[in-house]
Amino acid sequence: MKAYLLLILAAIFYAGNLIVGKPVAQEIPPITLSLFRYLIALVVIFPFGYREWKNNKDLWKKEWKAILALSATGLVLFNIFVYLALNYTTSINAGIVEATAPIFTLILTFLLFNERFSHKQLIGVFISLFGVFFVITKGSLEVIMSLQFNSGDLIMILAMITWAFYSIFIKQHTWKFPTYGALLVMTVVAIIMFIPLMSIEIGQIQTINWSWEVISGLLYLGIFPSLAALIAYNKGIAAIGPSRASVFLNLIPVFTMIGAVIFLGEQLTWIQVVGALFVIFGVLITNRVKTTNEPS
């Protein structure tokens, strides 16, 4: 029961990134927001990861390429794209697209490593992608014919492709690293990468209204999605295994819908509900197939 509660909490914290992130992203430009988020995260992560960092200095030097790839994809590009997308689309749409992460990872492994789909996985991929397509086109033939897609939805898809690369790098390299030491090093590397990118937004920084809502939102983003969700999810995986734990991530669009309606006043449409159901059902099919192929 404790493991299930932790996994539900992780899904809530991840959904909160889209709910809290939307009003904050409308005030702070995406690169600046991502930098501040990870500066806060660094302060929080430091006591957890310092000893692991100190005891593995040679490892970080040896695996610098892996650390760079993980930081660039999962911390830098992914977050920039997500916060940029939230300027143009709803948190609900973003949550639905985010749920397709396993699908894009599966497609990417097929394209890059020629990993084969089973028939059921292929069905799951098409079902999930249909759900996303249904949401971003608003179920309208006119939108499809005129190619007038919401730019925020398209940027969010780009974010998920970036996350798919990160997921592949995680699979290839994460077993080499202690969890919190690696998170500390990746955070520092990401901050270093964000700093020169800040020049893109230098003219917008002066216009930021540092209200209490913006500051508290930043604190949430720096603490809960960055660290608390990871700790809760890792403990859940340790208790019930990665395959069963991953199913709980399908709750992210559900919690995003609930939070966006309650806290942001977004209108939930039947198109979003139907699209989300297709996405979640497709992901469940692909995960179930994957589970049966895992060694016991």
Side-chain angles (χ1 to χ4, degrees), residues 1-24 37 40-41 44-45 48 74 78-79 82 86 90-105 124 127-128 131-132 135 156 159-160 163 166-167 170 174 179-180 183 216-217 219-266 268 272-291 294:
M1 182 61 72
K2 183 180 178 182
Y4 297 143
L5 290 175
L6 286 170
L7 290 167
I8 290 171
L9 269 179
I12 291 172
F13 293 153
Y14 285 133
N17 185 44
L18 301 176
I19 298 164
V20 176
K22 184 169 178 64
V24 178
R37 168 183 169 172
I40 295 167
V44 179
I45 292 164
F48 293 89
F78 172 74
N79 283 286
V82 167
L86 287 172
T90 64
S91 294
I92 293 174
N93 275 26
I96 293 169
V97 176
E98 187 168 303
T100 61
I103 302 301
F104 283 107
T105 303
I127 290 173
S128 281
V132 170
V135 170
M156 196 65 197
M160 299 326 299
W163 186 263
Y166 174 72
S167 299
I170 282 283
T174 191
T179 300
Y180 301 113
L183 193 58
S216 58
L219 289 172
Y220 175 90
L221 297 175
I223 296 170
F224 291 96
S226 302
L227 184 62
L230 179 72
I231 293 173
Y233 190 62
N234 284 352
K235 288 186 176 182
I237 288 175
I240 67 173
S243 298
R244 290 169 63 194
S246 67
V247 175
F248 282 81
L249 295 180
N250 293 305
L251 293 172
I252 293 174
V254 177
F255 289 133
T256 303
M257 287 179 180
I258 295 169
V261 171
I262 294 173
F263 299 110
L264 301 179
E266 292 185 4
L268 181 62
Q272 290 170 324
V273 173
V274 171
L277 290 173
F278 272 106
V279 168
I280 294 170
F281 183 58
V283 170
L284 285 172
I285 290 175
T286 56
N287 277 354
R288 181 165 294 181
V289 172
K290 188 176 179 181
T291 303
E294 284 181 356

Counting C-beta onward and ignoring hydrogens, is there a side-chain heavy-atom pair between V135 and V97 closer than 4.5 Å? no
Side-chain atoms of residues 253-262: list all donor-acceptor pairs with protein atoms under 3.5 Å, sequence neighbours left out, distances to 0.1 Å.
unit_1 : atom_1 : unit_2 : atom_2 : d
T256   : OG1    : I252   : O      : 2.6

By side-chain hydrogen bond (donor to acceptor under 3.5 Å, both in side chains) - contacts of T100 (at least two apart): none
Could you report the tightest heavy-atom contact between A276 and I96, atom names first, then the distance? CB-CG1, 3.9 Å
Strictly distance-based, threshold 3.5 Å: is any side-chain N or O of K22 a donor or acceptor partner for the main-chain N or O of L86? yes
Do N93 and M156 come within less than 4.5 Å of each other through their side chains, counting heavy atoms only? no
Please check this pair: side chain of S167 against backbone of T105, looking for a donor-acceptor N/O pair closer than 3.5 Å. no
Quick one, V283 and I280 - any side-chain contact, counting heavy atoms below 4.5 Å? no
Apply the ring-ring contact (aromatic ring centres under 6.0 Å, His included) test between F248 and each candidate in Y4, Y14, Y233; give the one that qualifies. Y4
Check whether any side-chain N or O of E266 sits under 3.5 Å from a backbone N or O of I92 as a donor-acceptor pair, and report yes or no. yes
Check whether any side-chain N or O of S226 sits under 3.5 Å from a backbone N or O of L221 as a donor-acceptor pair, and report yes or no. yes
Side-chain heavy atoms of W163 within contact of E98, under 4.5 Å: no
With F224 via ring-ring contact (aromatic ring centres under 6.0 Å, His included) - residues at least two apart: F13, Y220
